[in-house]
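One structure is given below, encoded as structure tokens.
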Protein chains: 2
Amino acid sequence: MALPELKLDPKPDTRERIVEAAARLFHEQGYNATGISTILREAGVNAGSLYHFFPSKEALLVGVLERYVHGLHPIVIGPVEAKTQDPIERVFALLDQYRNWLAPIGFSMGCPIGNLALEIADSAPQVRALIDLNFQNWSKAVRAWIDAAGDRLPATTNRHELADFVLTVMEGGIMQSRAARTPEAFDACVSQLRRYFELLQEAARRERSSVSGPP
Amino acid sequence: MALPELKLDPKPDTRERIVEAAARLFHEQGYNATGISTILREAGVNAGSLYHFFPSKEALLVGVLERYVHGLHPIVIGPVEAKTQDPIERVFALLDQYRNWLAPIGFSMGCPIGNLALEIADSAPQVRALIDLNFQNWSKAVRAWIDAAGDRLPATTNRHELADFVLTVMEGGIMQSRAARTPEAFDACVSQLRRYFELLQEAARRERSSVSGPP
DNA sequence: TTCTGGGTTGAACGCTCAATCAACTCTTGG
DNA sequence: CCAAGAGTTGATTGAGCGTTCAACCCAGAA
């Protein structure tokens with residue numbers, strides 16, 4: 001048999017254009033506020049094509065959320081780990097990267113997943129599960145860095161809680177900044193979180209020096 | 001002239017019923033997801049009555065947000081200050097009160113103002129301004145407690161930032177708990193925030209003992 | 001060449017939405 | 001008793017929504 005060509009961008013890929021336009025519009029305007037007709041216009045596609053790939057608007061939302069799940073490591077975590085080696089600094093590199101991503105558009109759009117989490121909370125279980133999965137994956141990545149920090153944090157630290165806390169502060173900070181339309185609230189949160197990590201590291205240092213200390 | 005009766009609940013007060021129903025429904029289902037017809041049914045009112053008091057759905061939203069502004073002290077801050085005297089404990093009493101308010105409904109509804117903040121972000125400036133005002137008033141109340149804590153916190157503490165941070169952690173925690181449909185995320189946040197405050201107080205103690213310390 | 005079926009077209013459908021309005025009721029002051 | 005106006009009634013409107021569908025296109029297999 002002839003070698004079948006590997007599918008290398010075999011088409012303008014209608015499905016991809018739809019998901020991309022939907023993701024952008026859901027982020028910009030929210031899920032309910034975005035009409036199918038707008039998605040069609042932005043993607044340059046007709047109604048029938050959209051409904052060929054997605055049986056409903058909600059199924060399209062599932063496609064968007066799956067896209068975020070798959071994009072987390074290549075787009076978010078990867079660049080942070082490439083740029084920063086120190087595990088604790090990676091946490092703040094993540095926050096900084098997020099800030100740089102949101103700043104150009106004036107902090108007016110918020111976190112795409114966080115927004116959906118609040119807007120769609122009572123929707124189909126599949127949607128909720130995907131939102132949850134997104135958060136869990138973010139949390140897992142941060143958790144890995146915190147674990148890698150080893151005894152630079154106190155032994156009693158609840159590392160799972162701390163990882164979730166980082167995420168929560170990030171989401172909360174974005175939300176406040178969005179409401180105020182200025183980055184100040186976000187920056188203030190990051191600054192307080194840094195203070196917290198500094199105090200934790202100081203506590204860990206005292207812990208270590210008292211264990212291996214005066215015999 | 002005859003003494004005019006002070007207006008003591010002079011009516012079933014249509015306007016109040018409308019605002020109350022709208023507030024409840026916006027909280028339960030979100031602003032966009034709540035139809036005028038639902039508000040009418042729940043308030044036991046006809047369309048014309050609603051539009052007699054509010055020229056549009058958005059004006060009704062303004063009414064709801066004003067209600068939250070006016071309710072903050074009597075309903076939220078007052079009870080906390082009545083129950084708890086210690087200023088730092090008041091912060092956690094506030095978080096606890098919020099938890100108790102959200103718990104019965106399964107953490108599925110989130111913060112009424114936070115939800116609106118994310119859903120309506122690009123709406124009329126009056127709406128955004130009122131959301132901002134709500135957050136600022138919460139922040140001011142927390143700020144007052146933090147100031148009252150005096151030198152129990154390090155002198156270098158940025159108290160304004162810290163007050164905002166408390167709010168952010170609260171909003172972020174509610175949001176995560178809503179996404180997960182369990183109180184765990186919220187509880188974890190509160191626990192981490194408490195740790196932060198403990199570390200701050202320890203640092204302040206060391207600060208004081210080194211100033212007034214060994215001569 | 002003919003057949004097959006994934007992909008596309010775009011008008012049309014039923015429905016819900018926020019908003020309107022002419023007619024009505026009730027309260028109050030003179 | 002009347003006049004006036006605040007408050008109420010509820011059917012109606014037009015716009016926009018998500019969705020459907022019969023017809024069509026066209027690449028590749030038979």
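Chain A is the first sequence line, chain B the second, and so forth, proteins listed ahead of strands; every chain is numbered from 1.
With rounding to whole Å, Arg15(A) atom CZ is found 16 Å from dG6(C) atom P. If you measure from atom CD1 of Ile36(A) to atom C1' of dC17(D), you get 9 Å, rounded to the nearest angstrom. The separation between Leu50(A) atom CG and dC17(D) atom P is 14 Å, rounded to whole Å. Atom CD1 in Ile39(A) sits about 13 Å away from atom C1' in dT19(D), given to the nearest Å. Rounded to whole Å, atom P of dT8(D) lies 12 Å from atom CZ of Phe54(B). To the nearest angstrom, P of dC17(D) lies 14 Å from OH of Tyr31(A). Rounded to whole Å, the distance from CG on Leu40(B) to C1' on dT8(D) is 12 Å. In this structure, the CZ atom of Phe53(B) is 17 Å from the P atom of dA19(C), given to the nearest Å.
Below 30°, between 30° and 60°, or above 60°: for Phe165(A) and Tyr196(A) the angle between ring planes is above 60°, a perpendicular geometry.
No side-chain heavy atom of Cys111(B) sits less than 4.5 Å from a side-chain heavy atom of Met175(B).
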side-chain contact (heavy atoms from CB on, under 4.5 Å) between Phe92(B) and Thr84(B), intermediate numbers included: CA-CA 10 Å; Phe92(B) 293 95; Thr84(B) 310; over 6 Å; no
Please evaluate residues Leu162(A) and Gln192(B) with respect to the criterion side-chain contact (heavy atoms from CB on, under 4.5 Å), reporting the C-alpha separation (whole Å), side-chain torsions for both, the decisive distance (0.1 Å), and the verdict. CA-CA 7 Å; Leu162(A) 184 57; Gln192(B) 289 293 311; 3.3 Å; yes
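Counting non-hydrogen atoms under 4.0 angstrom, Thr34(B) reaches the backbone sugars and phosphates but no base. Heavy atoms of Gly35(A) sit under 4.0 angstrom from primed sugar atoms or phosphate atoms, though from no base atom.
Figure legend: cation-pi geometry between Lys57(A) and Tyr31(A), with NZ or CZ positioned under 6.0 Å from the six-membered ring centre and within 45° of its axis.
Of the candidates dA11(D), dC17(D), dA11(C), dA11(D) carries the atom nearest the Ala47(B) side chain, counting heavy atoms from C-beta on. Here the side chain of Asn46(A) is nearest to one of dG10(D), dG18(D), dG10(C), namely dG10(C).
Residue whose closest nucleotide on DNA chain C sits further toward the 5' end, between His52(A) and Ser49(B): His52(A).
For the pair Tyr51(A) and dT20(D), the criterion of a side-chain N or O lying under 4.0 Å from OP1 or OP2 is not met. Between dG7(C) and Thr14(A), no contact under 4.0 Å exists linking OP1 or OP2 to a side-chain N or O.
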